[in-house]
Amino acid sequence: MSGLLALPWEDVLVPHVLRLLPLRQLLSLRRVSRAFRELVRLYLANMRRFDSAQVPQRGTGLGARGPWPRGGGPASGRPRSGRRGGDSGPSNAALLGRLLAARAARPRLVLIAPAIPRAAFLTLLQDNKVLQQLALQSCSDWLTDGELLPVIRQNHHLQHIQLKGCAQLSCQALMAISLSCPNLRQLSLAHCEWVDSLSLRSLADHCKALEAVDLTACRQLKDEAICYLVQKCSRLKSLSLAVNANVGDVAVEETAKCCPELEHLDLTGCLRVKNDSIRVLAEYCPKLRSLKVKHCHNVAESSLSVLRSRGVELDVEPLPQTALVLLQDMAGFAPFINLQI
């Protein structure tokens with residue numbers, strides 16, 4: 001063990017060894033000894049990506065009774081090597097070797113995403129100021145502004161934020177993101193009904209490098225707010241406006257005209273979207289790769305056919321050719337009916 005802990009922490013163990021382990025194994029490793037606890041704390045303080053789905057709820061010593069350090073920032077020096085009195089079981093080197101071997105033998109980690117405890121979340125990220133990716137969808141049951149805002153305000157390098165289903169947040173969270181994360185590239189606010197037009201405008205004003213935004217079921221948003229977003233964030237490649245009955249042709253047409261790099265658009269359940277905006281989308285977005293219009297009952301095959309001929313992936317199937325011919329023979333109005341199946 002003395003040889004392992006004698007290796008440079010910042011130059012070897014943190015970037016080349018601990019990064020190979022998922023959070024669940026790191027949090028088990030930190031229970032082996034005080035030295036490993038300090039090493040793991042140093043790693044957490046310099047972690048670039050945090051995904052709450054990797055942290056188990058039980059069995060890691062993260063609860064109120066767990067042996068988590070009460071101190072502040074990352075370790076300033078290396079703890080002395082050697083086994084401490086009272087340590088038992090296999091050596092630290094042997095344990096780490098088994099962890100790395102298990103990691104190497106398993107080509108892909110299957111993550112189980114229970115809700116992590118609130119206290120564990122606060123402890124994990126309290127010293128980190130270098131996060132680039134933050135995924136908190138599995139914290140949706142309890143996450144509020146009180147837990148999220150301190151993390152956002154001390155991490156100015158965030159590029160990807162996932163807040164899907166975090167319904168207990170408020171528009172203050174989005175305001176904090178817009179003011180603290182100027183380099184933001186991807187943001188998911190799916191099923192966050194607290195998102196309003198004012199906070200979205202703040203996001204558009206300060207995060208103009210956005211490339212992917214998920215606003216699924218953000219039902220407070222109307223065409224005007226979406227138009228403002230796409231006008232300011234013209235680099236968008238992926239946008240979801242699904243499950244919002246307030247979104248109509250105005251927002252879709254403005255998105256098409258302002259975002260020529262658009263590749264993915266989700267309009268599922270946008271009942272006010274019609275054929276005209278789909279035609280504008282086909283004209284102004286040559287890089288479009290996928291479009292979702294299921295349950296858009298005013299969108300028909302007459303507008304989708306152009307995109308379909310270009311190989312754009314659509315989530316609705318065209319009417320079978322035999323049925324189309326029959327309709328043309330009987331009534332002659334096939335191009336004007338909704339052909340979604």
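Using modelled atom types, one side-chain atom of Asn275 and one backbone atom of Ala300 make a donor-acceptor pair closer than 3.5 Å. Side chain of Gln186 to main chain of Val213: no donor-acceptor pair is present (N/O by atom type, distance under 3.5 Å, no hydrogens or angles). No side-chain donor-acceptor contact under 3.5 Å links Glu211 to the backbone of Ser238. In this structure a side-chain-to-backbone donor-acceptor pair under 3.5 Å is present from Asn244 to Cys218. Here the side chain of Asp127 pairs no donor or acceptor atom with the backbone of Ala45 at under 3.5 angstrom.
Of all heavy-atom pairs spanning Gly269 and Cys296, the tightest one is N-SG, 4.0 Å. Nearest approach of Pro182 to His156, heavy atoms of both residues: CD-O, 4.0 Å. The nearest pair of heavy atoms linking Cys207 to Cys181 is SG-O, 3.3 Å.
Pairs engaging residues 204-260 under the ring-ring contact (aromatic ring centres under 6.0 Å, His included) rule: none recorded [sequence neighbours left out]. Note on residues 145-160: pairs passing salt bridge (Lys or Arg N to Asp or Glu O under 4.0 Å), not counting sequence neighbours, are Arg118-Glu147. Within the structure, every pair that satisfies the salt bridge (Lys or Arg N to Asp or Glu O under 4.0 Å) test and touches residues 168-193, not counting sequence neighbours, is listed here: Glu193-Arg219.
Thr255 is linked by a side chain to side chain donor-acceptor pair (under 3.5 Å) to nothing, counting only residues two or more places apart in sequence or in another chain. With sequence neighbours left out, the salt bridge (Lys or Arg N to Asp or Glu O under 4.0 Å) criterion links Glu254 to no other residue. Ser188 meets the side chain to side chain donor-acceptor pair (under 3.5 Å) test with Gln162; sequence neighbours excluded. Remark: Asp223 pairs with Arg272 by the salt bridge (Lys or Arg N to Asp or Glu O under 4.0 Å) rule, at least two apart or across chains. Arg310 is linked by a side chain to side chain donor-acceptor pair (under 3.5 Å) to nothing, counting only residues two or more places apart in sequence or in another chain. Among residues two or more places apart in sequence or in another chain, the salt bridge (Lys or Arg N to Asp or Glu O under 4.0 Å) test is passed with Lys287 by Glu261. Take Asp276 and apply the salt bridge (Lys or Arg N to Asp or Glu O under 4.0 Å) test, not counting sequence neighbours, and it matches Arg279. Applying the side chain to side chain donor-acceptor pair (under 3.5 Å) criterion to Lys222, with sequence neighbours excluded, gives no partner residue.
In the hydrophobic cluster analysis, where Ile, Leu, Val, Met, Phe, Trp and Tyr join through side-chain heavy atoms closer than 4.5 angstrom, Val12 is grouped together with Val40. When hydrophobic clusters are built by joining Ile, Leu, Val, Met, Phe, Trp and Tyr residues whose side-chain heavy atoms come closer than 4.5 Å, directly or via intermediates, Trp194 is grouped together with Leu241.
Put simply, the residue from Asp214, Leu210, Val230 that forms a side-chain contact (heavy atoms from CB on, under 4.5 Å) with Leu239 is Val230. Among Leu189, Leu174, Leu187, Asn155, the one residue that satisfies the side-chain contact (heavy atoms from CB on, under 4.5 Å) test with Ile161 is Leu187.
The hydrophobic cluster containing Val280, built from Ile/Leu/Val/Met/Phe/Trp/Tyr side-chain heavy atoms closer than 4.5 Å, also comprises Tyr284.
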| request: Report the C-alpha separation of Phe121 and Trp142 in whole Å, then their side-chain angles, then the decisive distance to 0.1 Å, and conclude whether the ring-ring contact (aromatic ring centres under 6.0 Å, His included) test is met. | output: CA-CA 11 Å; Phe121 172 79; Trp142 53 261; 5.6 Å; yes

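The closest side-chain heavy-atom distance from Val273 to Asp249 is below 4.5 Å. Between Ile278 and Leu267, some side-chain heavy-atom pair lies under the 4.5 Å cut-off.
A side-chain N or O of Asp196 and one of Ser199 form a donor-acceptor pair less than 3.5 Å apart.
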